[in-house]
There are 2 protein chains.
Amino acid sequence: MFVGEKLQQTTVNMEGEPLSALCTPAFVVDVDKVKRNAQQMIEHFEKLGVQLRPHMKTHKTLECADIMTGGSRRCIVVSTLAEACFYADHGFDDILYAYSVPFDKIERCAVLSERLELFQVLLDHPDALEQLKKRPLKDGRLWHVWLKLDCGNGRAGVLHSASEAVRLAQAIAETEGVQLTGVYAHCGNTYNCRGVEQIQTVAQETTSLTLQFVEKLKSVGITCKSSIGSTPSCSHPVKDMSQLSEVHPGNYVFYDVQQSLIGSCSLEDVAVRVLTRVIGHCPHRNQLLIDCGWTGISLDGAGKLPTGFAVIEGHPNLKLVSMTQEHGRVEPMSGPLDYSKFPLGTLLTLIPYHSCATAMMHPVYHVHSEGRLVGKWTPTRGW
Amino acid sequence: MFVGEKLQQTTVNMEGEPLSALCTPAFVVDVDKVKRNAQQMIEHFEKLGVQLRPHMKTHKTLECADIMTGGSRRCIVVSTLAEACFYADHGFDDILYAYSVPFDKIERCAVLSERLELFQVLLDHPDALEQLKKRPLKDGRLWHVWLKLDCGNGRAGVLHSASEAVRLAQAIAETEGVQLTGVYAHCGNTYNCRGVEQIQTVAQETTSLTLQFVEKLKSVGITCKSSIGSTPSCSHPVKDMSQLSEVHPGNYVFYDVQQSLIGSCSLEDVAVRVLTRVIGHCPHRNQLLIDCGWTGISLDGAGKLPTGFAVIEGHPNLKLVSMTQEHGRVEPMSGPLDYSKFPLGTLLTLIPYHSCATAMMHPVYHVHSEGRLVGKWTPTRGW
């Protein structure tokens, strides 16, 4: 190790230090809130008797996965095959790769299917089924397949109402070496909601459409599981969700400003922040410069908040108006800035608009309990 | 190494393989274009007799730094202290940390200053000078300081016209243990230009204002260097730039769609792409889904291009209309999509709007020459 490296905070043991000891920008995670958010979700679905299969895409770390699975290291969803490999390499199993199985990754999926007790894939097109047929698994193993259903989200999936949806389910069920495990719907359309009532309307609709589809399959002799998910719907589950086999929310472990606006949580529940410092005074523009650009918080949320790209905690009159790679421009929403309150070096705290996007920008997360550092989490990246 | 890891392309030797062998999304770099772009910039400033100090912020890799410095591993600019440490740890020297010296990183800067032959910092406020004074360097070494000047860019720096600019330069020059190395201006305002004439107007203005400031300092007995930079201005240098000591462009080594629109380069010169594949057909929405979301190309460029978040090479009628974490929605600008031309698995090539932002999303860059893979570059991350 070189001298220079020793002074990089990624390699220094800072346990017990206050957050203010961190160099900025820094992504910080309140582990107590994470545990509380995770526990609340576990309890929601224990009460409903539904299997919680938490999504790893927001954080992509082992430590947070342990918290979300209650230490079982079983029954998770991932958004990339890199995540699947990362978790598999660390003793996780029963992994659902909830992404229309990409043809360039069939071999890697096959290897995981042969290696793990249970690796599950998802598809929404007959051509994908053909790809699986071309790569039968060894030792009599089966491809475990979820059919992706679009119940109004408008992204991936066969339309719940389309006749080819049932035909595709039948084709999966009838294919040798392949098992139709379940029907999977992501209700990302809850992200357009405002308030619990709207969220629950979408949750109900997605649940009903998914269960109706499962019934339709039963009528043609196919029995399989059902899963719906999104952080808003699972934060405020409706009663009928008890009839589902599984749910698969993910962002809830961190939450963010977006989720608080949707109504999934309160701003108090948001477990993550970006710490930043004032690095410039620009009185001729009535602005401060901070050391958080788009590499520190992401460009997500543009135009969505009166306070700009984030909420600046404790300063409701400040707005993060624009960013370049390593600079943020902050100005008051009204009136002149009182620079005496923000000397160079002043620590400011940003609450991210979208924690998935912000976490993605950081190679390490600094974890604290009541403001004292307790460790670091290192996410996996890539595909 | 586990079985699963062996199949991740980050650990497999793929040299000699065609680009189509890559799993997607993948960030790919045409090393011949990189070398050509780098060589052109070297020649521009050899001709003008000005020291080129290339900026590392776009790529943050050793290999590209070697190409930009012609193998000297000397005379570079960095945007983060993590970059400075990374390059220092790999034998680079004469490093300018071109960022208003952050108070939380003074100690790390001091250590680099004591360790390298030449480590240079930048400031724009008297309080920063006070911080340097509080941490005198060992063995009689000097803090090498550039004064950051704002010549119309509107980000960091003291205004060139402000009386405190000269006073701050004097204070730096007069401080024991500190040396005023030069005056540094970033002409990021060239990013608002369209065409060479507008670029050269800003380049001329920034050059003139910087040189006038240097003259002003001479009149009070201070001699120091001068440096201006930005990819547009350095791609089309004006004659007066020959009077500068240094220039510090960075993005030119990759270029991107934004630079081609500004007029820094042609689209032909852009050395980087994101490879992606079709993973879904959505005829009810007249859309394709691709496996590149904002984790693959970034959210930069929103609303800036008729083709959406990127240019889809060879398909001028296609638009990347929206993205979520791992999905992109592509639709034709007019008419119905002919799905027979885009079967699932079809490879598409995205030219990034902003290569700095896109590169930032990738833990590894796949390097090719004429479409055959020749290696991988691994960037440094963090701060």
Side-chain angles (χ1 to χ4, degrees), chain A residues 2-5 7-8 10 23-25 57 79-82 85 88-89 99-100 102-105 107-108 111-112 115 124-125 127-128 154-156 159 188 277 279-281 284-285 289 291 294-295 298-300 302 324-327 329 343-345 356-357 360-364 381-383, chain B residues 2-5 7-8 10 23-25 57 79-82 85 88-89 99-100 102-105 107-108 111-112 115 124-125 127-128 154-156 159 188 277 279-281 284-285 289 291 294-295 298-300 302 324-327 329 343-345 356-357 360-364 381-383:
Chain A
F2 296 87
V3 179
E5 280 187 334
L7 282 155
Q8 288 189 50
T10 47
C23 283
T24 47
K57 77 172 192 101
S79 66
T80 67
L81 203 46
C85 294
D89 288 348
Y99 193 73
S100 304
F103 295 4
D104 57 316
K105 301 181 187 78
E107 181 57 29
R108 287 165 64 197
V111 171
L112 276 177
R115 173 186 161 201
D124 59 6
H125 197 284
D127 289 358
R155 198 173 63 185
L159 274 182
R277 283 187 173 86
I279 52 154
H281 286 173
H284 50 292
R285 297 198 306 270
L289 287 180
D291 67 2
W294 47 253
T295 58
S298 92
L299 287 165
D300 211 329
T324 55
Q325 190 160 342
E326 299 293 346
H327 293 83
R329 293 186 183 92
L344 296 193
C356 308
M360 187 64 60
M361 308 308 287
H362 290 262
V364 64
R381 293 285 178 249
W383 295 271
Chain B
F2 294 88
V3 179
E5 279 188 335
L7 281 157
Q8 289 190 48
T10 46
C23 283
T24 47
K57 77 173 190 100
S79 66
T80 66
L81 203 47
C85 294
D89 288 348
Y99 194 76
S100 303
F103 295 4
D104 57 317
K105 301 180 187 78
E107 181 57 29
R108 287 165 63 196
V111 171
L112 276 177
R115 172 187 161 202
D124 60 5
H125 196 285
D127 289 358
R155 198 174 62 187
L159 272 181
R277 282 187 175 88
I279 52 154
H281 286 174
H284 51 292
R285 296 198 307 270
L289 288 180
D291 69 1
W294 49 252
T295 58
S298 92
L299 287 165
D300 211 329
T324 53
Q325 190 160 340
E326 299 293 346
H327 293 83
R329 292 185 183 93
L344 295 193
C356 308
M360 187 64 60
M361 307 309 286
H362 290 262
V364 64
R381 293 286 177 250
W383 295 271

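Note on naming: letters A, B, ... go to the chains in the order of the sequence lines (proteins, then strands), and numbering restarts at 1 for each one.
- In this structure, chain A has no heavy atom under 4.5 Å from any part of B:Ser298.
- Both the backbone and the side chain of B:Leu344 come within contact range of chain A, with heavy atoms under 4.5 Å apart.
- Of the listed residues (A:Gly345, A:Cys356, A:Gly280), the one with the most heavy-atom contacts under 4.5 Å to chain B is A:Cys356.
- Heavy atoms of B:Ala302 lying under 4.5 Å from chain A are absent altogether.
- Ring geometry, A:His125 versus B:His281: the interplanar angle exceeds 60°, so the pair is classed perpendicular (tilted spans 30 to 60°).
- At least one donor-acceptor pair closer than 3.5 Å links the side chain of A:Arg285 to the backbone N or O of B:Arg155.
- The choice from B:Pro343, B:Ser100, B:Gly154, B:Ser79 that makes the most heavy-atom pairs within less than 4.5 Å of chain A is B:Gly154.
- The line from CG of B:Leu299 to CH2 of A:Trp294 is 11.5 Å long, rounded to the nearest 0.5 Å.
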Show your working on side-chain contact (heavy atoms from CB on, under 4.5 Å) between A:Arg277 and B:Phe103 and close with a plain yes or no. CA-CA 9 Å; A:Arg277 283 187 173 86; B:Phe103 295 4; 5.9 Å; no
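- The heavy-atom pair separating A:Ile279 from B:Asp124 by the smallest distance is O-OD1, 4.4 Å.
- Annotation: maximal heavy-atom pairing with chain A below 4.5 Å, among B:Lys57, B:Met360, B:Met361, B:His362, occurs at B:Lys57.
- In this structure a side-chain-to-backbone donor-acceptor pair under 3.5 Å is present from B:Asp104 to A:Thr24.
- Residues A:Trp383 and B:Cys23 form no side-chain contact, since every pair of their non-hydrogen atoms from C-beta on lies 4.5 Å or further apart.
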